[in-house]
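The next block holds one structure in the form of structure tokens; read it before the comments.
Values reported hereafter were calculated over all heavy atoms of this structure, with side chains retained and with hydrogens, waters and symmetry mates removed.
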Amino acid sequence: MQANSSEKQGQGNFIHDIIDQDMASGKYGGRVHTRFPPEPNGYLHIGHAKSICLNFGTALKYGGKCNLRFDDTNPTKEDVEYVESIKEDVRWLGFDWEDREFYASDYYEQLYECAIKLIEKGKAYVCDLSAEEIREYRGTLTEPGRPSPYRNRSVEENLDLFRRMRAGEFPDGSRTLRAKIDMASPNINMRDPVIYRISRAHHHRTGDKWCIYPMYDFAHPISDSIERITHSICTLEFEDHRPLYDWFLDELGAYHPQQIEFARLNLTYTVMSKRKLLELVKNGYVSGWDDPRMPTISGLRRRGYTPEAIRNFCERIGVAKANSTVDIALLEHCLREDLNLRAPRAMAVLRPLKVVIDNYPEGQVEWFDAEINPEKPELGTRKIPFAKVIYVEQDDYSEDPPKGWFRLAPGKEVRLKYAYYITCREVVKNDAGQVVELHCTYDPASRGGWTEDGRKVRGTLHWVSAAHAIPAEVRLYDKLFTVENPDEGDFRANLNPDSLQILPDALLEPGLKEAKPGDCFQFLRQGYFCMDPDSTPDRPVFNRTVGLKDSFKGGK
RNA sequence: UGGGGGAUCGUCUAGUGGUAGGACGACGGGUUCUGGCCCCGUUAGCGAGGGUUCGAGUCCUUCUCCCCCAGCCA
């Protein structure tokens, strides 16, 4: 499966406007080449999906290319585990980087040469200041910085020192290579930024070959340039790094892509920072990066989201420069829209209530036809067994029903989907006064679920045959946080204690025996569910992906 | 209080001097063997004040509010 440009195009956005102009002016010879540049230091989340869809989607739209490039310049935080998960997630989302899987670490030698060139031009110097001293010299937002005492070393000395930094002659953190720009710049990023640091960290790809590593601000523009990127799309916080991006490329006289910034995605009831997501995992608030409550791509996948739903969501939210927080209801809408068309229907009773149909012949079993998906009649039907003892949903019976109640209640007649009309005749309670069993009668003339007398039966219930049902565990998920913006204050205090509810005694229609982990279904009148990898042959586990919309406003 | 950005229905987003539109949400109705889907309708917005213009969300101006930046993180 591959995302393609025929997918419903939303309205344009300001980035495409810029590209249109560039195409018209021939700025890059009619070429569009983007890149998705994750740092392999965590799992991808829905916010990254926005960037992935933007970068790959833009390339697709203009018949260009999009590279996958790992921005791996900080070995202390990165790991192959993350590289693998990122590749899996991008692929799953439906995008193909073909043979263009790149790493900033592939360019370490070239980056080093660029640094040498800068030094030779007198535009970079080796600085012996400590981290704390550099901070002091940098000044503040309102006060200019002061030049480092090492700022005017000779080119020869800088060359010598930098080569010896690479050779490992100096301890970690003892020296840095800094760009020589302007310590009085109102833009703090231009106050002689560090471009190389000494760190004897083991790199997941280059091993121990290097003990100096380039900084993002230096590696990124050069990596973009090497890959002949045309439009380097990144998030808003890099806006005031752009002068630096441009400075490096100009000083190096290198091919010069243009950086364009857009607003990252925020979602209501969700935290999106890697740090917070990591904390949820590390502290056991969730079961892992792929916990179905997580906004990670792997979590959404396990929850039962589809790539199509996510892509469509990313298309609909648009791309702009204003900070915004998208209502999670829009994501859920896109999900239901997709699942409604693709999910086979099934009947499952989550909280079973036993029903005995007194006038139905003992031992008789009838197999009824049920639609696989009413949205796609061409898919045909499946068979479901009906018998004297069935289970219905506890919520579908009320002893004292509110106004407008269509479901079961004493003396009320309802339709069992695809089967018969039944009327509630008798209620059995336990010592605690709880309803444990219903006795009903059925109307043989309603076979298949309707009668010729035009009788109006508003309520239609899902059900399973007691003798044929498959026991299962169902996991109901709710929002992970109780407030729209969990980032206000301590996000851990906003965790929803009821975000996971386990239903151990659910019963499924027998056809679900064939289901495999990852398969998704619509459980009639309940929602969309997908089989979890925790399932075993004798105990299937289903995750509720998202509930159905419910417009019943039962009130007394 | 330096610099860089940003403000359009509740939310997201179009609009590039000529009737402020769409989507989600909410509300109401139709349809229905899923209180789903689908269909119809209602709701509701240009941050504020000046100015230019026949005409301003759009141009000018003053102001207000919000976000980002002082990692040897990205």
* To do: Output yes when at least one side-chain N/O atom of A/T460 is less than 4.0 Å from OP1 or OP2 of B/U32, else no.
  => no
* Should we say atom CZ of A/R151 is surrounded by more than 12 heavy atoms from elsewhere, each under 6.0 Å from it? -> yes
* base_contact_polar (B/G71 base, A/E132 side chain, donor-acceptor, <3.5 Å) -> no
* Classify the side chain of A/R316 versus the base of B/U13 as yes if they form a donor-acceptor pair under 3.5 Å and no if they do not. => no
* B/G71 - base-pair partner by Watson-Crick or wobble geometry, distances under 3.5 Å -> none
* Asked: Under 3.5 Å, is there a donor-acceptor pair between the A/D71 and A/Y103 side chains?
  -> no
* Rounded P spacing from B/A56 to B/G51 in Å -> 12 Å
* Asked: Toward the 5' end of RNA chain B, which comes first, A/N323 or A/C127, by nearest nucleotide?
  -> A/N323
* Asked: If you look at every strand shown and take non-hydrogen atoms under 4.0 Å, does A/N41 touch a base, only sugar-phosphate, or nothing?
  -> nothing
* **Closest nucleotide among B/G3, B/G36, B/A70 to the A/S551 side chain** => B/G36
* Nearest-nucleotide pick for A/F552, side chain only, options being B/G25, B/G35, B/A74 -> B/G35
* Asked: Starting at NZ of A/K553 and ending at P of B/G36, how long is that distance when rounded to a whole Å?
  -> 9 Å
* To do: Considering only atom P, compute the distance from B/U19 to B/U61 and round it to an integer number of Å.
  => 25 Å
* Asked: Base, sugar-phosphate, or nothing for A/L330, non-hydrogen atoms under 4.0 angstrom?
  -> sugar-phosphate
* **Pair A/T451, A/D453: side-chain N/O donor-acceptor within cut-off below 3.5 Å** => yes
* Atom-pair distance (CG on A/N340; P on B/C39), nearest Å -> 11 Å
* Tell me whether the centres of the aromatic rings in A/F542 and A/F523 are closer together than 6.0 Å. => yes
* Expressed in angstrom and rounded to an integer, what is the separation of A/H462 atom NE2 from B/G35 atom C1'? -> 13 Å
* Scan A/V457 against the nucleic acid and name what it touches under 4.0 Å (heavy atoms): base, sugar-phosphate only, or nothing. => nothing
* Asked: Between A/N373 and A/E375, do the side chains contain an N or O donor and an N or O acceptor separated by less than 3.5 Å?
  -> no
* Output the single nucleotide from B/A74, B/C24, B/G35 whose closest atom is nearest the side chain of A/W405. => B/G35
* Kindly indicate, with the supporting measurements, whether the criterion salt bridge (charged side-chain N to carboxylate O under 4.0 Å, His left out) is fulfilled by A/R205 and A/D72. => CA-CA 9 Å; A/R205 299 196 90 231; A/D72 55 351; 5.0 Å; no
* To do: Indicate, with a heavy-atom threshold strictly under 4.0 Å, whether A/S199 touches base, sugar-phosphate, or nothing.
  => nothing
* Which sits closer to the 5' end of RNA chain B, A/R345 or A/S130, going by the nucleotide each is nearest to? -> A/R345
* Separation between the C1' atoms of B/C67 and B/U52, rounded to whole Å -> 32 Å
* Does A/R138 make a side-chain N or O approach to OP1 or OP2 of B/C72 shorter than 4.0 Å? -> yes
* May I have the distance from A/L54 (atom CG) to B/C12 (atom P), rounded to whole angstrom? => 18 Å
* Considering only the C1' atoms, how many Å lie between B/C9 and B/G35, rounded to the nearest integer? -> 29 Å
* Across all strands shown, which nucleotide pairs with B/A23 by Watson-Crick or G-U wobble geometry, both distances under 3.5 Å? -> B/U11
* Structure fact -> Taking B/A74, B/A70, B/A14 as options, the one with an atom nearest any side-chain atom of A/Y216 is B/A74
* Structure fact -> Side-chain contact check for A/A320: nearest option of B/A70, B/G35, B/U13 is B/U13
* Is A/F238 touching bases, backbone alone, or none of the nucleic acid, heavy atoms closer than 4.0 Å? -> base
* Asked: With sugar-phosphate meaning primed atoms plus P, OP1 and OP2, does A/E239 contact a base, only sugar-phosphate, or nothing at under 4.0 Å between heavy atoms?
  -> sugar-phosphate
* Asked: Think A/R175 has a side-chain N or O under 4.0 angstrom from the OP1 or OP2 of B/C72?
  -> no
* So is A/R153 actually on top of A/Y125's ring, under 6.0 Å and inside 45° of the axis? -> no
* To do: Describe the nucleic acid contact of A/T76 in one word from base, sugar-phosphate, nothing, applying a heavy-atom distance below 4.0 Å.
  => nothing
* Mark yes or no for a side-chain to base donor-acceptor pair under 3.5 Å between A/Q526 and B/U34, with no hydrogen or angle criteria applied. => no
* When we call it a touch if two heavy atoms are under 4.0 Å apart, what does A/A131 touch: a base, just sugar-phosphate, or nothing? -> base
* Hey, does A/H241 reach any base, or is it just sugar-phosphate, or nothing, if we go heavy atoms under 4.0 Å? -> base
* **Inter-nucleotide P distance (B/A44, B/G22), Å rounded** => 14 Å
* Structure fact -> note: A/D240, atom CG; B/G6, atom P; distance rounded to Å ~ 13 Å
* May I ask you to check whether A/Q259 and A/H220 show a side-chain donor-acceptor distance below 3.5 Å? => no
* For A/E337 and B/G36, give me the distance from atom CD to atom C1', rounded to whole Å. => 14 Å
* Asked: What does A/S324 touch in the nucleic acid at a heavy-atom separation under 4.0 angstrom: a base, only the sugar-phosphate, or nothing?
  -> sugar-phosphate
* To do: Measure the distance from CD1 on A/I372 to C1' on B/U34 and round it to the nearest whole Å.
  => 16 Å
* Any side-chain donor paired with an acceptor under 3.5 Å for A/R407 and A/S398? -> no
* Asked: Which whole number of Å gives the distance between the C1' atom of B/C73 and that of B/C68?
  -> 16 Å
* Asked: Under 4.0 angstrom, heavy atoms only, what part of the nucleic acid is A/T176 near: base, sugar-phosphate, or nothing?
  -> base
* Asked: Has the side chain of A/R407 got a donor or acceptor atom sitting under 3.5 Å from an opposite partner on the base of B/G35?
  -> yes
* Asked: NA contact type, A/L129, heavy-atom cut-off 4.0 Å: base, sugar-phosphate, or nothing?
  -> base
* Would you say a side-chain N or O of A/R197 is under 4.0 Å from OP1 or OP2 of B/A74? -> yes
* Using a heavy-atom cut-off of under 4.0 Å over every strand shown, decide if A/Q522 touches base, sugar-phosphate, or nothing. => base
* Asked: B/A48 and B/U11: how far apart are their P atoms, nearest whole angstrom?
  -> 14 Å
* Expressed in angstrom and rounded to an integer, what is the separation of A/F262 atom CZ from B/C67 atom C1'? -> 16 Å
* Asked: When we call it a touch if two heavy atoms are under 4.0 Å apart, what does A/Y418 touch: a base, just sugar-phosphate, or nothing?
  -> base
